[in-house]
Number of protein chains: 2
Amino acid sequence: MDNIDLQILQMLKSNSRMTSSDISKIIHLSVPSIAERIRKLEKKGIINQFTVKLNRKAMGQNYVVYIFVQLHSSAETQLFRKTIIQSPHVLECHHTSGEYDYLLKVALPDLSELEDFITNTLKTNLKVMRSNTFFILSTLKEE
Amino acid sequence: MDNIDLQILQMLKSNSRMTSSDISKIIHLSVPSIAERIRKLEKKGIINQFTVKLNRKAMGQNYVVYIFVQLHSSAETQLFRKTIIQSPHVLECHHTSGEYDYLLKVALPDLSELEDFITNTLKTNLKVMRSNTFFILSTLKEE
DNA sequence: GCTGAAAGCTCTATAAG
DNA sequence: CTTATAGAGCTTTCAGC
């Protein structure tokens, strides 16, 4: 991966609908070369996905919270992982170092759904030992 | 925004290079209709950005950490915000409720750069009062 | 690995119903 | 919203460096 690849990635990051010929006009390289470089970046897994960033408020996701979670035992891990991955409310889930086991980033339309998520999904269904929730008041930056 | 818009958004989320005619073959609506719907979704700000998800490891970002940050006083806020937004290492920055003021998500190539970021950028330059760092060991889900 | 040109195809924009 | 059309623009391929 050379400097030209980095430039291409940067352009696609700012607008993934750019075509090879768009990019060709900016960096001086022929269209077929750029098309092939993009294909290779995808194939090598450097580009994971072409996607869109959506406006959460517009999508009715008015609350975004982080929830630290500690599980009882590793016996619960399987169900926990499966449920979390499938839940449409969970934006991210990381296994973390420190006091807790996992950190979830969760988007919800209202507080009653948050209550439901913590009480039913986490505590009851997933047998989470303890959790710690804090709210995102505003976001300065989110890539 | 109706159900068709939601379907279009879902498809673009899974692959933002889909064209109107690609989408037209899946949901039964003419190409001009879909093209116009996408334009409106962009104009309304429901679609914030067309972008790519990159593989962090492949980009040399071997460590991703969360850092909670507490500022001394609101006098430091301006510089803090400006610096954070410009820093290429900072993936996200949220103003949060709870014990700390901000939560940063930071990607770095190695531990010495992490040390540098905490010691120099945060503590020295930005006069951060205290911080609390924890590591992401692995990621189950990240939209 | 890159360039340039040609072929064919696909997309977008527009107009009319 | 649909269909139809025209024109612009894209991707791919291939020969040659």
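So you know, we letter chains A, B, ... as the sequences are listed, proteins then strands, and number each from 1.
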Could [X] and [Y] be called an ion pair, given the rule that one side-chain N must be under 4.0 Å from one carboxylate O?
X	Y	value
B/K53	B/E142	no
B/R17	A/E42	no
A/K105	B/E143	no
A/K44	A/D5	no

Between the side chains of A/S24 and A/S21, is a donor N or O closer than 3.5 angstrom to an acceptor N or O?
no
Would you check if there is a donor-acceptor pair between the side chains of B/S16 and A/T51 at a distance under 3.5 Å?
no
Residues in contact with DNA chain D, drawn from [range] - heavy-atom cutoff 4.0 Å:
range	answer
residues 10-21 of chain A	A/T19, A/S20, A/S21
residues 33-52 of chain A	A/R39
residues 24-32 of chain B	B/L29, B/S30, B/P32

Under 4.0 angstrom, heavy atoms only, what part of the nucleic acid is A/D22 near: base, sugar-phosphate, or nothing?
sugar-phosphate
Specify whether B/Y63 and B/F135 have parallel, tilted or perpendicular ring planes, treating 30° as the upper limit for parallel and 60° as the lower limit for perpendicular.
perpendicular
Looking at B/Y102 versus B/F80, is the centre-to-centre ring distance below 6.0 Å?
yes
Given the side-chain rings of A/Y66 and B/Y66, with only the six-membered ring counted for Trp, is the space between their centroids under 6.0 Å?
yes
Please report the closest heavy-atom contact between B/M1 and A/A58, naming both atoms and the distance.
CE-O, 4.2 Å
